[in-house]
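Sequence lines set the chain letters: A, B, ... in the order given, protein chains first and strands last, and positions in each chain run from 1.
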Protein chains: 2
Amino acid sequence: MAKALTVEVAGAPALTGYERSCEGDPSGTDHGRAIRHVLDRIGDKWSLLVIGTLRGERLRFTELQRHIPGISQRMLTLTLRQLERDGLITRTVHAEVPPRVEYELTELGGTLIQLAMALADWAIENQPSIERSRAAYDDAHQR
Amino acid sequence: MAKALTVEVAGAPALTGYERSCEGDPSGTDHGRAIRHVLDRIGDKWSLLVIGTLRGERLRFTELQRHIPGISQRMLTLTLRQLERDGLITRTVHAEVPPRVEYELTELGGTLIQLAMALADWAIENQPSIERSRAAYDDAHQR
DNA sequence: CAGAATCCCAGTTGATACTG
DNA sequence: CAGTATCAACTGGGATTCTG
């Protein structure tokens with residue numbers, strides 16, 4: 001997840017194999033590379049779910065955990081940190097006892113929601129079709 | 001990748017922790033669940049890249065490998081099989097020597113391209129902003 | 001309450017060698 | 001050419017325990 005942090009050398013961000021091999025790419029807009037970047041950011045198990053949950057509401061740590069069944073304390077923390085670092089959410093600590101920390105989407109994070117919704121819609125709409133295709137494939141390739 | 005295959009029980013597809021905990025969900029359209037499904041399908045390292053490469057062209061195995069720098073023979077094979085199973089691409093074997101196998105997007109796969117392009121556009125447009133945010137974050141949190 | 005620190009396994013990916 | 005088979009390495013993520 002923190003790839004760029006672990007392999008960073010002299011301030012230069014780490015490069016994946018794909019990126020390295022594309023360094024001299026003539027195309028100004030390498031979509032492959034771009035896609036790799038989004039996926040690195042929101043292609044993990046929880047990021048998109050956290051963003052979706054923060055849609056329209058500002059929530060506390062525990063509230064988030066309740067809204068996202070199955071997420072562990074550890075992964076919620078890591079995911080939130082990552083999203084904060086990328087500027088997709090903000091983290092606000094209130095100087096109280098007991099502590100209260102609230103998370104909320106930034107404007108940038110908000111723009112991602114649109115994509116997330118599009119993805120979800122696609123999934124909902126095409127799930128049956130995919131399910132059928134799988135059944136057919138498995139049926140034809142069993143032994 | 002083949003999660004549903006490995007943990008299948010009596011014909012019922014496996015459930016992730018998230019899905020299990022949502023079984024009684026009242027909402028007809030659980031976006032969280034839907035997003036989980038798309039991510040399971042195209043959130044891996046190569047699927048979206050393969051789909052993007054197949055955009056508009058029908059390509060052979062080796063051609064695909066050349067178009068996608070960094071992908072190993074093994075991962076290309078696995079990814080193609082998965083996409084074929086899900087009905088996103090078709091695999092055509094020509095009875096020749098040497099063998100010729102061509103891959104091409106299905107209609108369903110074509111619809112995914114739209115989303116992929118949207119993702120790529122988002123990445124390209126917001127990459128600088130994210131980069132800046134990261135630099136600021138790392139700067140503020142270093143020690 | 002909101003985490004930080006550890007431990008650890010399962011699953012994914014990569015490298016390499018072999019084949020119809 | 002288009003794979004398959006095998007092995008090794010890496011890492012994402014869960015469970016658990018501790019703390020300001």
Side-chain angles (χ1 to χ4, degrees), chain A residues 1-7 14 16-18 20-21 36 39-50 58-84 89-103 141 143, chain B residues 1-8 14 16-18 20-21 36 39-50 58-84 89 91-103 141 143:
Chain A
M1 193 177 244
K3 232 169 295 173
L5 279 176
T6 56
V7 209
T16 67
Y18 182 77
R20 228 186 323 273
S21 61
R36 172 55 38 79
L39 253 46
D40 282 350
R41 199 148 298 106
I42 54 107
D44 64 3
K45 198 169 176 184
W46 303 109
S47 292
L48 220 43
L49 248 28
V50 168
R58 122 192 325 242
L59 294 173
R60 306 177 58 166
F61 188 87
T62 313
E63 291 173 330
L64 271 168
Q65 201 169 13
R66 266 200 307 274
H67 278 75
I68 308 175
I71 195 169
S72 66
Q73 219 165 29
R74 170 189 150 84
M75 287 318 295
L76 180 54
T77 301
L78 288 179
T79 304
L80 288 170
R81 289 289 175 282
Q82 163 88 335
L83 294 176
E84 185 196 359
I89 65 174
T90 59
R91 175 174 182 269
T92 313
V93 183
H94 299 269
E96 305 174 356
V97 174
R100 180 161 58 98
V101 180
E102 293 183 314
Y103 295 92
H141 292 75
R143 84 208 50 182
Chain B
M1 195 177 238
K3 233 169 296 176
L5 280 175
T6 56
V7 208
E8 217 160 21
T16 66
Y18 182 77
R20 228 188 318 276
S21 62
R36 172 58 34 82
L39 254 45
D40 281 350
R41 198 150 297 107
I42 55 108
D44 64 6
K45 199 169 177 183
W46 302 109
S47 291
L48 217 42
L49 249 27
V50 169
R58 122 194 321 245
L59 294 174
R60 306 178 56 167
F61 189 87
T62 313
E63 292 173 329
L64 272 168
Q65 199 168 13
R66 267 200 308 274
H67 278 74
I68 307 174
I71 195 170
S72 66
Q73 215 167 29
R74 173 189 146 82
M75 286 317 296
L76 181 53
T77 300
L78 288 179
T79 304
L80 288 170
R81 290 288 176 283
Q82 162 88 334
L83 294 176
E84 186 195 358
I89 65 174
R91 176 174 180 268
T92 313
V93 184
H94 299 268
E96 304 172 359
V97 175
R100 181 162 57 97
V101 179
E102 292 182 316
Y103 294 91
H141 292 75
R143 82 207 49 185

d([atom1], [X]; [atom2], [N]) in whole Å:
X: R74(B); N: dT13(C); atom1: CZ; atom2: P; answer: 9 Å
X: L76(B); N: dT16(C); atom1: CG; atom2: P; answer: 18 Å
X: E102(A); N: dC1(C); atom1: CD; atom2: C1'; answer: 13 Å
X: L80(B); N: dT13(C); atom1: CG; atom2: P; answer: 14 Å
X: L78(B); N: dA2(D); atom1: CG; atom2: C1'; answer: 14 Å
X: Q73(B); N: dT12(C); atom1: CD; atom2: C1'; answer: 18 Å
X: M75(B); N: dT4(D); atom1: CE; atom2: P; answer: 13 Å
X: H94(B); N: dA2(D); atom1: NE2; atom2: C1'; answer: 13 Å

Legend entry - side chain to side chain contact (heavy atoms under 4.5 Å, CB included) partners of R41(B), counting only residues at least two apart: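 R41(B) satisfies side chain to side chain contact (heavy atoms under 4.5 Å, CB included) with Q127(A), I130(A), R134(A), H37(B), D86(B), L88(B) only.
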Inset, instruction - Would you sort out whether L78(A) and M75(A) count as a side-chain contact (heavy atoms from CB on, under 4.5 Å), showing the intermediate values? - result: CA-CA 5 Å; L78(A) 288 179; M75(A) 287 318 295; 4.0 Å; yes
Inset, instruction - Taking R100(B) for its side chain and T92(B) for its backbone only, find out whether a donor-acceptor pair lies under 3.5 Å. - result: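 Between the backbone of T92(B) and the side chain of R100(B) there is no qualifying donor-acceptor contact (under 3.5 Å).
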Closest approach to the side chain of [X], judged atom by atom: which nucleotide of [options] is it?
X: V101(A); options: dC1(D), dA2(C), dG13(D); value: dA2(C)
X: P99(A); options: dG14(D), dC1(C), dG3(D); value: dC1(C)
X: F61(A); options: dG3(C), dG13(D), dA2(D); value: dG3(C)
X: K45(A); options: dA4(C), dG14(D), dA2(C); value: dG14(D)

Inset, instruction - For dG3(D), take OP1 and OP2 only and decide whether either is under 4.0 Å from a side-chain N or O of T77(B). - result: no
Legend entry - For S47(A) against I42(A), the heavy-atom pair lying closest together: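 Smallest interatomic distance, heavy atoms only, reads CB-CA, 4.0 Å.
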